[in-house]
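We use all heavy atoms of the structure for the numbers below, so side chains are in, but hydrogens, waters and symmetry mates are not. Not measured: the values here are computed from a predicted model.
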Amino acid sequence: MQDFIKIHSGDNVAVALKPLASGTTVTVNDQTVTLVSDIPQGHKFALTDIAEGASVMKYGCAIGIAKEPILKGSWIHTHNLKTGLGDLLTYSYDKQETAPTPAEERFFHGYRRPDGKVGVRNEIWIIPTVGCVNNVAQAIERQAKSLISGTVEDVAAFPHPYGCSQMGDDQEHTRTILADLINHPNAGGVLVLGLGCENSNITELKRYIGEYDERRIKFLAAQESDDEIADSLELIRELAAYAGSFEREPVSCSELIIGMKCGGSDGLSGITANPTVGAFSDMLVGAGGTTILTEVPEMFGAETLLMNRCINEETFEKTVHLINDFKNYFTSHNQTIYENPSPGNKKGGISTLEDKSLGCVQKSGSAPVMDVLMYGEPVHTKGLNLLSAPGNDLVASTALAASGAHIVLFTTGRGTPFACPVPTMKISTNTALSTKKSNWIDFNCGRLVEDTDMDTLKNDFFDFVLEVASGKKVKSEEAGFHDMAIFKQGVTL
């Protein structure tokens, strides 16, 4: 295993790949550096003296400004590094001609729906219209598990606290996300469970659902039923019979839609897991598939890298609004835009938002940005898409599912057990996490700095994603986890 890595030739820092003790001498591109501090794994050390006010460079970009003189060999972190970012910016379109490298067509085994969509799961979903029936939905789920058989893979309820007494965009977002999930092809059948008196009642929600297959979607208002659980179970029996008629069949990977998210990041996120996901994204896009990148606040500081890859000026302008509207959301709530890295991020070696964002956007690979989606908006365009959603792991992952993602790829340096409505694959940035939390982690990218090259790793990863799309359960599915969350007081583009 390497002891450290200098990511870009223009960097004035290197990153420790394992804990390095003060006094250790390392050689970086024929340059000798003696460490004057202990350097934790994932943290940075100076390759040269850096003057107060000078830029600290990582990924070939500035990740902040030195708060004081930093000596060669010193630990660089929040104590001596600050963000160099401001607030709203004016952007110009400097288009970079990028095109995905054509990739071999690959196949997975999925479920072809009558409307032409494809699912990677064949589950029965129970969608409450309002939080008042959450307990009923969960009771129905428990009793309906007995109906899992044949190609029906699971029954899952998705409780949430909303659907009534909401105003403006909050209520609109609830209805939009619920309708998106109801229409998601990973569900072979859906029971929409209402109360009857809520604002987002079944009649109202049908306007958002649009045309639907009555064999696939059933509705029940609890206030109109003598025994809502018994009546719901009867409807789920009908749904299970319908969903059970579907069989997996070969489907081109060009029909896959994959969401990309990171959380609990560390100093290796932008070195191992995120670049691997980026390489996968380029491969899938090159084969005609679709990927979605979200968590807009984690783009701040790296947004120009995405803007300049926009396919045209219209998409560039949508990306500008994506960024600045989210900044306005922060300032309208009297929040500082750039105080983003969490305590866990900082412990893992991320010092500033630029540091985090430059690592985060590695997940986008190098393909052109084809479109920008509003929160809750389904994918329209194949290729790489950007999606308006916050950094919150569960909210953003649910947003990816709502926009059509069949699977969410979730890279992490610290680990998390959560799930979202679709298979949520946990990808570790380091081998220690993969070993310690083997009940959480599905794929280990720490191998990239140990014994595996990127070509091998990205191909192994692509194979693994196709296995999951073909029915292999990820760890959170094995644990029986299904979660969802809706963005409250969001922004629109």
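A donor-acceptor contact closer than 3.5 angstrom links the side chains of Asn430 and Asp266. When only modelled atom types and interatomic distance are considered, Thr352 and Asp355 share no side-chain donor-acceptor pair under 3.5 Å. For Thr129 and Glu198, the side-chain atoms include at least one donor-acceptor pair closer than 3.5 Å. For the 3.5 Å distance criterion, the side chains of Glu303 and Tyr91 qualify, holding a donor opposite an acceptor.
Atom OG of residue Ser366 and atom CG of residue Leu305 lie 12.0 Å apart, to the nearest 0.5 angstrom. For the atom pair CZ (Arg309) and CD (Gln96), the distance works out to 8.0 Å, reported to the nearest 0.5 Å. Between the CD atom of Gln138 and the CG atom of Leu193 there is a distance of 11.0 Å, given to the nearest 0.5 Å. Once rounded to the nearest 0.5 Å, the distance linking CG of Leu433 with OG of Ser428 reads 5.5 Å. Here Lys356 contributes atom NZ and Cys262 contributes atom SG; the two are 7.0 Å apart, rounded to the nearest 0.5 Å.
Ring planes of Phe461 and Phe280: perpendicular class, angle over 60° (limits at 30 and 60°). Phe443 and Phe464 have tilted rings, their planes meeting at an angle from 30° to 60° on a 0 to 90° scale.
A cation-pi geometry, defined here as NZ or CZ lying under 6.0 Å from the six-membered ring centre and within 45° of its normal, holds between Lys426 and Phe418. In this structure, Lys206 is not positioned above the aromatic face of Tyr212 in the sense of NZ or CZ being under 6.0 Å from the six-membered ring centre and within 45° of the axis. In this structure, Arg113 forms a cation-pi arrangement with Phe246, its terminal cationic atom sitting closer than 6.0 Å to the ring centre and no more than 45° off the ring axis.
Enclosure of atom NZ in Lys437 by more than 12 non-hydrogen atoms of other residues, nucleotides or ligands within 6.0 angstrom is indicated. More than 12 heavy atoms of other residues, nucleotides or ligands lie within 6.0 Å of NZ in Lys145, so this atom counts as buried by the packing criterion.
At a threshold of 4.5 Å between non-hydrogen side-chain atoms, the residues Ser281 and Ile258 do not count as touching. Using a 4.5 Å heavy-atom cutoff, the side chains of Thr315 and Met370 are not in contact. Looking at Ile292 and Ile257, their side chains come closer than 4.5 Å, going by heavy atoms from C-beta outward. Between His109 and Val251 there is no side-chain heavy-atom pair separated by less than 4.5 Å. Taking the side chain as every heavy atom from C-beta outward, Thr151 and Tyr111 approach each other to under 4.5 Å. Considering only heavy atoms from C-beta on, Val468 stays 4.5 Å or farther from Val120 through its side chain. When side chains are defined from C-beta on, Tyr375 does not count as touching Val296, because their heavy atoms never get closer than 4.5 Å. Between Leu256 and Thr290 the shortest side-chain heavy-atom distance does not fall below 4.5 Å.
Although no hydrogens or angles enter the test, the distance criterion places no donor-acceptor pair under 3.5 Å between the side chain of Asp154 and the main chain of Ala156. Put simply, the side chain of Lys218 gets close to the backbone of Glu214: a donor and an acceptor are under 3.5 Å apart. Listed for the His160 side chain is no donor-acceptor partner under 3.5 Å among the backbone atoms of Phe158. Here the side chain of Thr272 pairs a donor or acceptor atom with the backbone of Thr429 at under 3.5 angstrom. Panel note: side chain His184, backbone Asp180; no donor-acceptor pair is recorded below 3.5 Å. Between the Tyr93 side chain and the Cys310 main chain, a donor and an acceptor come within less than 3.5 Å of each other. Side chain of Arg112 to main chain of Gly116: a donor-acceptor pair is present (N/O by atom type, distance under 3.5 Å, no hydrogens or angles). Without hydrogens or angle criteria, Asn186 side chain to His406 main chain gives a donor-acceptor distance under 3.5 Å. Put simply, the side chain of Asp483 gets close to the backbone of Ala419: a donor and an acceptor are under 3.5 Å apart. Of the possible donor and acceptor atoms, none in the side chain of Arg216 sits under 3.5 Å from a partner among the backbone N and O of Leu239.
Closest of all the heavy-atom pairs between Pro421 and Trp125 is O-CZ2, 3.3 Å. Shown here for Ile427 and Ala273, the closest heavy-atom pair between the two residues is CG2-CB, 4.1 Å. When all heavy atoms are compared, the tightest approach of Pro185 to Lys117 is CB-CB, 3.9 Å. Nearest approach of Ala157 to Ala137, heavy atoms of both residues: CB-O, 3.6 Å. A pairwise comparison of heavy atoms in Pro368 and Pro100 identifies CD-CD, 3.6 Å as the closest pair. Nearest heavy-atom pair across Asp170 and Gln166 is O-NE2, 3.4 Å.
Here the rule is side chain to side chain contact (heavy atoms under 4.5 Å, CB included) with Leu178, and of Ile209, Ile127, Asn183 only Ile127 fits it.
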- Task: Determine, step by step, whether Glu105 and Ser254 satisfy the side chain to side chain donor-acceptor pair (under 3.5 Å) criterion, reporting the C-alpha distance in whole Å, the side-chain angles of both residues, the deciding distance to 0.1 Å, and the verdict.
- Result: CA-CA 7 Å; Glu105 184 177 30; Ser254 65; 4.7 Å; no
- Task: Apply side chain to side chain donor-acceptor pair (under 3.5 Å) to the pair Glu377 and Ser403, showing each step before the final yes or no.
- Result: CA-CA 6 Å; Glu377 181 181 2; Ser403 287; over 6 Å; no
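Salt-bridge annotation for Lys363 and Glu295: present, with a side-chain N of the basic residue lying under 4.0 Å from a carboxylate O of the acidic one. For the pair Asp460 and Arg447, the salt-bridge criterion is met [side-chain N within less than 4.0 Å of a carboxylate O]. A salt bridge links Asp371 to Lys318: at least one charged side-chain nitrogen sits closer than 4.0 Å to a carboxylate oxygen.
In terms of the side-chain hydrogen bond (donor to acceptor under 3.5 Å, both in side chains) criterion, residue partners of Ser225 (sequence neighbours excluded) are, by chain and number, Asp231. Applying the ring pair (Phe, Tyr, Trp, His ring centres under 6.0 Å) rule to Phe481 yields no partners; only residues at least two apart in sequence or on another chain are considered. By the side-chain contact (heavy atoms from CB on, under 4.5 Å) test, Ala243 is found to be paired with Asn122, Ile124, Val152, residues two or more places apart in sequence or in another chain being considered.
Aromatic ring centroids of Phe487 and Tyr329 lie under 6.0 Å apart.
Sorted by first then second residue, the side-chain hydrogen bond (donor to acceptor under 3.5 Å, both in side chains) pairs that include residues 408-425, not counting sequence neighbours, are Asn274-Thr411. Note on residues 467-478: pairs passing salt bridge (Lys or Arg N to Asp or Glu O under 4.0 Å), not counting sequence neighbours, are Arg121-Glu477. The salt bridge (Lys or Arg N to Asp or Glu O under 4.0 Å) pairs that include a residue from residues 391-412 are Lys261-Asp393, where partners are two or more places apart or lie in different chains.
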